[in-house]
Amino acid sequence: MATPDYYMVLKVPNTASHDEIKRAYYALSRIVHPDKKTSIVNNNSNSNSYSNSSEERGQLDVEFHQLSVAWEILGDAARRKAYDQRLKAVQNRALGVVQDEIDLDDMDFDEDSGTYSFPCRCSGRYSIAESDLEAGREIAPCVDCSLKIKVLYEAAEDNDE
Ligand SMILES: [Zn+2]
């Protein structure tokens, strides 16, 4: 199962502030809250609409559950941070097959071009510019084939608050 995109569940951008996330959660939970829907479903079911209503209930429970989980994670700074990292890893993988994860210390640095490189099994080299790393990019493509590696490095203290 893929990592669900909780930002999508709450319909907020992944740059949303805590307050925006909180507002989105409360606004959405009012719409899909199971208690609220129960009364609506009950009003409509005078006769044998059992299967319909339980099916509908199930659907709404799932939505509400997802919403709760999304809020539990995104509403908590530490859990949100861990989730963001996991989501980023998933998205990086989606960008292309990452062949391997290589520590920056194990790569060769070429001072003239300002790039780090590492031998690829195709006899080409994975290559990434120092400026790319500084910009937060961490995927180094091979110059000769379609393989990519993920570069592991200590990010300079990220002050994105
Ligand atoms: Zn290659």
Side-chain angles (χ1 to χ4, degrees), residues 1-34 55-56 58-161:
M1 192 76 176
T3 302
D5 188 337
Y6 294 128
Y7 291 104
M8 227 131 89
V9 172
L10 292 178
K11 303 186 192 345
V12 292
N14 61 8
T15 51
S17 69
H18 181 80
D19 281 348
E20 286 169 323
I21 290 171
K22 191 172 171 179
R23 271 201 299 276
Y25 167 70
Y26 283 108
L28 286 167
S29 63
R30 270 201 295 278
I31 301 169
V32 300
H33 196 286
E55 199 174 294
E56 202 173 313
Q59 187 94 38
L60 291 167
D61 282 351
V62 168
E63 278 178 36
F64 186 68
H65 176 73
Q66 269 199 332
L67 214 57
S68 310
V69 173
W71 168 240
E72 259 172 44
I73 290 171
L74 300 185
D76 179 298
R79 294 181 74 178
R80 181 182 177 186
K81 195 168 182 190
Y83 171 74
D84 281 347
Q85 281 168 359
R86 209 168 69 217
L87 195 65
K88 193 173 167 196
V90 169
Q91 285 165 347
N92 278 340
R93 269 202 297 279
L95 285 177
V97 180
V98 172
Q99 191 61 23
D100 210 348
E101 298 187 343
I102 304 292
D103 201 291
L104 187 60
D105 292 341
D106 294 332
M107 298 180 75
D108 302 316
F109 184 62
D110 183 78
E111 285 193 25
D112 292 338
S113 57
T115 57
Y116 287 91
S117 67
F118 191 80
C120 173
R121 66 176 183 203
C122 77
S123 83
R125 290 184 82 80
Y126 300 109
S127 163
I128 189 164
E130 194 176 23
S131 55
D132 279 338
L133 293 169
E134 281 162 1
R137 282 183 280 273
E138 52 189 11
I139 301 299
C142 172
V143 292
D144 287 338
C145 72
S146 61
L147 295 178
K148 296 168 186 173
I149 53 167
K150 180 176 176 189
V151 181
L152 305 175
Y153 63 103
E154 288 285 324
E157 211 54 44
D158 56 321
N159 299 313
D160 50 7
E161 290 284 352

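Atoms considered below: every heavy atom in the structure, side chains included; atoms not considered: hydrogens, waters and symmetry mates. Order of appearance sets the numbers: ligands from 1, and atoms from 1 within every ligand.
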Quiz item: Does any non-hydrogen side-chain atom of Ile21 lie less than 4.5 Å from one of His18?
Solution: no
Quiz item: Using 30° and 60° as the class limits, which term best fits the ring planes of Tyr7 and Tyr83: parallel, tilted or perpendicular?
Solution: tilted
Quiz item: Once you round to the nearest 0.5 Å, how far does CD1 of Ile149 lie from CD1 of Ile128?
Solution: 8.0 Å
Quiz item: Atom CZ in Arg137, atom OG in Ser131: separation rounded to 0.5 Å?
Solution: 7.0 Å
Practice problem: Mind checking how many protein N/O/S atoms fall short of 2.8 Å from the Zn ion (ligand 1)? | Solution: 4
Quiz prompt | Verdict with reasoning, Tyr126 to Ile102, per side chain to side chain contact (heavy atoms under 4.5 Å, CB included) | solution = CA-CA 10 Å; Tyr126 300 109; Ile102 304 292; 5.8 Å; no
Self-check item: Between OH on residue Tyr116 and CG on residue Asp108, distance to nearest 0.5 Å
Solution: 11.0 Å
